Amino acid sequence: MDVRGIVADDVDVRTVSTSYGETELAEVPMRLETADAERPDGRVADGGLETERLADGHERTTVTLWNKWTESAQLLEPGMELLVTDAETKEYQGEKQYSTTGESYVVVEPSFLVNVTAIRNWVECPRLYYLNKLSGVPLNYPVVKGTIVHEVFGDLLRGRELEESIDARVEERGLQLGLLGETPEAVAEDVRENATAIEGWLEQGRLTEGDGSTEAAESTEQTFSPAESSWRSEQLLISETFGIRGRADAIRRGAPVELKTGKNLRKEPRFKDKVQAACYALLLEEHGDEVDTGTLLYTKNSALDRNEETGDLTPAKDFSMGAGLLKFVVRLRNEIAAMEVNGDVPTGYEGDAKCEYCFEQDTCMVVSGRLAQESKAGQIGRPLPDEELEYFERLYRAIEAERRAVHREYAKLWRQDAQERADDDRALIDLEFVEKRPLEEGRWELRARRTAGGTSKLREGDLVLASDGHPVRGDAELAMIERIDEEVVVTADEPVEVTRLDVYPSELTTDRLLVALHDCLLKGDGRRKDVLFGREEPAFSLPEETFIDNNAAQNEAVRKAVGAEDFALIHGPPGTGKTYTIARAIRAMVDRGERVLLSAFTNRAVDNALEAVLEGIGDSLDDDRIVRVGSESGVREDMQPYRLERAGDPEDRLAELENARVVAATTATCGSREMKEQAFDVALVDEAAQLTEPGTFAAANLAERFVLVGDHEQLPPVVRSEGGTQHGLENTSDDEPRAADLTESLFERLVERFPEAGVMLDCQYRMNQRIQYFASQEFYDGELRPAEPAVAGRTLDDLEGVTRDALPEQLRDPVAFVDVEGDGSRYTDDVEAARIAELIETYADAGLAYDDIGVIAPFRAQVSTISKHVPDAVAVDTVDRFQGSSQELIIVSFTATGQLEGPIFEDYRRINVALTRPKRALVLVGDSRALESDPVYARMLEWAQ
DNA sequence: TCTCTGCCTAGAGGA
């Protein structure tokens, strides 16, 4: 039976005498999860025992961990989650207790999914794991080559021809190879050397494998065919029991095969390689296969290197895996999980690797020296100033809290049932599998039909877990959504019979935030840090020329952007021509011969800004000097011609990127290995108030100086972690990072600290004066004003075919309030939705086109309710998604009856965004009693009535 | 059930 619960108190570890001699044991006081809950995998947590039941339905008991599991017990802290499989029960002083058996595994924090590579790194040196996370793996040739060899291996298993695969895989990495100064021929030759060893071995295996049937032998005559020979390539595996996730290179007859692009002439595989294979064995075991062997393929082993001892001719080394190794691997995994949850930093003393052999030795010593960390390798350099150390510590923990939030998303893959996932918009379920079709590249195209309506967050270009029913327990593979409407089309490496798609949570953003933080503080320019940490004032050498002659604030903003030596801040309230100002600033910079990075958090913002730059730069720069870096699905259609292809001839791709005078990319992409090789004179970051500090650094790190453009009175960065209440860690809640560390943008902090480095654009070109008034008073100290009389006086009458006189009197004013009592539900309001539908018809009757109307609601549930009532052409969305756009008429649904409940109303920046979207008319629809209950909303009501 | 975008995964190697 499995025992799962929360550690309730300190753990007692001691040595006792048994008939076998001295033995270690650990007694863990635990609070069990709801007793008789049957787990979805059919295992039953203990239900029948008469243990002490607590008021909350949890039972309290003691679990005894024997022998080597005491090592994992030492890691436990009260509040951590613990799982013991195959436990036995015993009675002690009238109380039922549990203890490990010979079959048991002990898993610390099982819902934290540890990567297989993390375990592999950790077994070599725990600090290596930490360093990889902190400073990232830079672009280097051995790694790129290794990746290509792996891809070719997968292709061979899927039946692709060797030369075709090599050519295609080398071609795909054109940009990376260009950055590394490699030629396709040399790389292909290098890959060929490694791949022929594999091919020969596969061929040999095919002849001797004796899969049995003559049918199999015949059908594999041409190329190796996995379908007939119980092979499977590249499978993503997740274990909910062991808390491990990884992607096996290949699986042969249920056993893992791991490829290594190197040489190993010894008889045995390297220990860390065995550990890696053992991880996959554990993963496979959970999927129902008993695994006791593994194979390692060292591609540089060839006949020439015949091992004297064994006479090995092949690159393959088979080895057997005992229960001891598997348990050892779980204990390693426990160390990582405990460290991640506690936020500890490994020193290197935990392992016994020799630092002089380590290729990360220099990095290790520098990080130790600069961050004042104890390390086995020693330290180089002086520690950062205290304020920087404190900052690093704080942000590191905030980012790690964010990482744990991503892990909670992983855990939902198995903790929530299908319907819950679907209701959460995180999965499409009950699909009807239609067909699988092999693609040229050896991948598969999979089609399924949707049997029910329903929304989901899934979009074209997203990476998803495609499964035949369950993303963890079933047959599942990572897939890319190609098309999603009534039919869903995805591509994947393996032909899964798809009936369900799940959002696959990614740690990529958190990984990149951490690296950006590291780069800023440890590699960053000293002068910049002096300014960021308030030791120096930002400097300017402002140009005399006039860039924009009809808007003083915009002109001043461009002067500051061009003349900043450290940074400049452009505060752009709604409709004030931020993008135009950016375009002018970039033009001025380019005219001065500077290379500019244009960035923002979202693809949409990057494309919008780039569009303005293209309009503004026009004649002054050839099109091929402007490059958009990003994925095909992320970049807007009309910007595709500027998008940098990754595939192709290395020299061409490199030239395209390096010759570009303006490079546009999201901040996440700025943290990519390719972009990190680039250098710029200026980084200009739009929508900077929506970025976390490390997110801003990802762009700023690449440039000599930076310009941030944004509005901190609009929406802040999206942060997932709650910054306090962390699952299973009540005892350390005092030390938990405050969410504020990531929710306040660098833009906002710098605007407050160095107001003189910023300019606020004060003329808006969007709203009728009456509409603008409230936002100006409430959020911009009354300083926002219409740019010209035509803006101040604009009304719906200006639009062709619209007659305001045809509207009821109440709606003739540019701002109107419609009092609706509401239906009292929490996140939806049918009464409001129906009233809004009527309003839309009223405006349509007065001549307004549906696509000039936008409806904003606070909750997604209300958005979908309203959508059902109104024509498709009307844009209905949440505030968050409306940020950055505008409409002639905006109708706001407040969706609250009696009182304003919920945190969504507490952030007034959200109401600022909603009220500043319209150009000519604004209608507020809501319950006046609810709105009056809050002073800001009450003032809004007064203004609107 | 408050709002929610990124990135494309993990892992690729070297004594």
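Here is how names work: the chains are called A, B, and so on, in the same order as the sequence lines, proteins then strands, and each is numbered from 1. The model shown is predicted, which means the values in this text are computed figures rather than measured ones.
Counting only heavy atoms from C-beta on, A:Arg512 has its side chain closest to B:dC7 among B:dG11, B:dC7, B:dA15. Taking every side-chain heavy atom of A:His150 into account, B:dA12 is the closest of B:dG11, B:dA12, B:dC7. Listed nucleotides: B:dC8, B:dG11, B:dA15. Nearest to the side chain of A:Lys272: B:dA15. Nearest to the side-chain atoms of A:Val718 among the listed nucleotides B:dC4, B:dA12, B:dC7 stands B:dC4. Across B:dG6, B:dT9, B:dC2, the shortest atom-to-atom separation from the side chain of A:Arg459 is found for B:dG6. The side chain of A:Ile904 has B:dT3 as its nearest neighbour among B:dA12, B:dT3, B:dT5. With distances taken from any side-chain atom of A:Thr602 to the nucleotides B:dT3, B:dA12, B:dT5, the minimum falls on B:dT5.
The residue A:Ser631 sits close to a base: some heavy atom pair falls under 4.0 Å. Among the heavy atoms of the strands lying under 4.0 Å from A:Thr666 are primed sugar atoms or P, OP1, OP2 only; no base atom is included. Within 4.0 Å of A:Gly695, counting heavy atoms only, lies no atom of the nucleic acid at all. No engagement by A:Glu151 is indicated, since no non-hydrogen atom pair under 4.0 Å with the nucleic acid exists. Residue-level contact check: A:Glu906 touches neither bases nor backbone, having no heavy atom under 4.0 Å from any strand. The residue A:Thr667 sits apart from the nucleic acid: no heavy atom pair falls under 4.0 Å. Residue contacts shown for A:Arg646 are limited to sugar-phosphate atoms, with no base heavy atom under 4.0 Å away. Here A:Tyr410 lies in heavy-atom contact (under 4.0 Å) with sugar-phosphate atoms only. In this structure, A:Val149 reaches neither bases nor backbone, as no heavy-atom distance under 4.0 Å exists between it and the strands shown. The residue A:Phe882 sits apart from the nucleic acid: no heavy atom pair falls under 4.0 Å. Across all strands, A:Asn140 comes closer than 4.0 Å to base atoms (heavy-atom distances). Base contact: A:Ser506 has a heavy atom under 4.0 Å from a base atom. Using a 4.0 Å heavy-atom distance criterion, A:Tyr504 is classed as a sugar-phosphate-only contact. Note on A:Arg120: nothing from the nucleic acid sits closer than 4.0 angstrom, heavy atoms only.
For A:Arg881 and B:dC4, the shortest distance from a side-chain N or O to OP1 or OP2 is below 4.0 Å. Not one side-chain nitrogen or oxygen of A:Gln690 sits closer than 4.0 Å to the OP1 or OP2 atom of B:dT3. Between A:Thr878 and B:dC4, a side-chain N or O to OP1/OP2 separation shorter than 4.0 Å is present. Contact check, A:Thr147 against B:dA12: no side-chain N or O comes under 4.0 Å of OP1 or OP2. For B:dA12, one of the phosphate oxygens OP1 or OP2 lies less than 4.0 angstrom from a side-chain nitrogen or oxygen of A:Lys260. Under 4.0 angstrom from either OP1 or OP2 of B:dA10 there lies at least one side-chain N or O belonging to A:Arg245. The shortest distance between the side-chain N/O atoms of A:Tyr298 and the OP1/OP2 oxygens of B:dG13 is not below 4.0 Å.
Between A:Asp877 and A:Arg860 there is no salt bridge, since none of the side-chain N atoms of the basic residue sits less than 4.0 Å from a carboxylate O of the acidic one. A salt bridge is absent between A:Glu507 and A:Lys133: the closest approach of a Lys/Arg side-chain nitrogen to an acidic carboxylate oxygen does not fall below 4.0 angstrom. Classification of A:Arg643 and A:Glu645 as a salt-bridged pair holds, one side-chain N sitting under 4.0 Å from a carboxylate O. In this structure, A:Lys354 does not pair ionically with A:Glu124, as no charged nitrogen and carboxylate oxygen lie closer than 4.0 Å. The existence of a salt bridge linking A:Asp502 and A:Arg426 is excluded, since no basic side-chain nitrogen approaches an acidic carboxylate oxygen closer than 4.0 Å.
A donor-acceptor contact under 3.5 Å is not formed by the side chain of A:Thr117 with the base of B:dG11. Side-chain atoms of A:Ser672 stay outside donor-acceptor range of the base of B:dC7, with no qualifying N/O pair under 3.5 Å.
Atom OH of A:Tyr908 is separated from atom P of B:dC2 by 19 Å (rounded to the nearest Å). Across the protein-nucleic acid pair, A:Arg860 atom CZ and B:dT1 atom C1' stand 10 Å apart, rounded to whole Å. In this structure, A:Arg403 atom CZ and B:dG6 atom P are separated by 21 Å, rounded to whole Å. B:dT5 atom C1' lies 13 Å from atom CD of A:Glu409, rounded to whole Å. Regarding A:Asn115, its CG atom lies at a distance of 6 Å from the P atom of B:dA10, rounded to whole Å. Distance CG (A:Asp607) to P (B:dT5): 15 Å, rounded to an integer number of Å. Straight-line distance from the CG atom of A:Leu715 to the P atom of B:dC2: 17 Å, rounded to whole Å. Across the protein-nucleic acid pair, A:Asp511 atom CG and B:dC7 atom P stand 15 Å apart, rounded to whole Å.
Between A:Phe747 and A:His712, the angle of the ring planes lies from 30° to 60°, which puts this pair in the tilted group.
Interatomic distance, CG of A:Asp607 versus OG1 of A:Thr602, reported as 8.5 Å (0.5 Å rounding).
In this structure, A:Arg245 satisfies the cation-pi test against A:Tyr410, with its NZ or CZ atom closer than 6.0 Å to the six-membered ring centre and inside 45 degrees of the ring normal.
For the pair A:Arg173 and A:Cys358, nearest-nucleotide mapping onto DNA chain B gives the more 5' position to A:Arg173.
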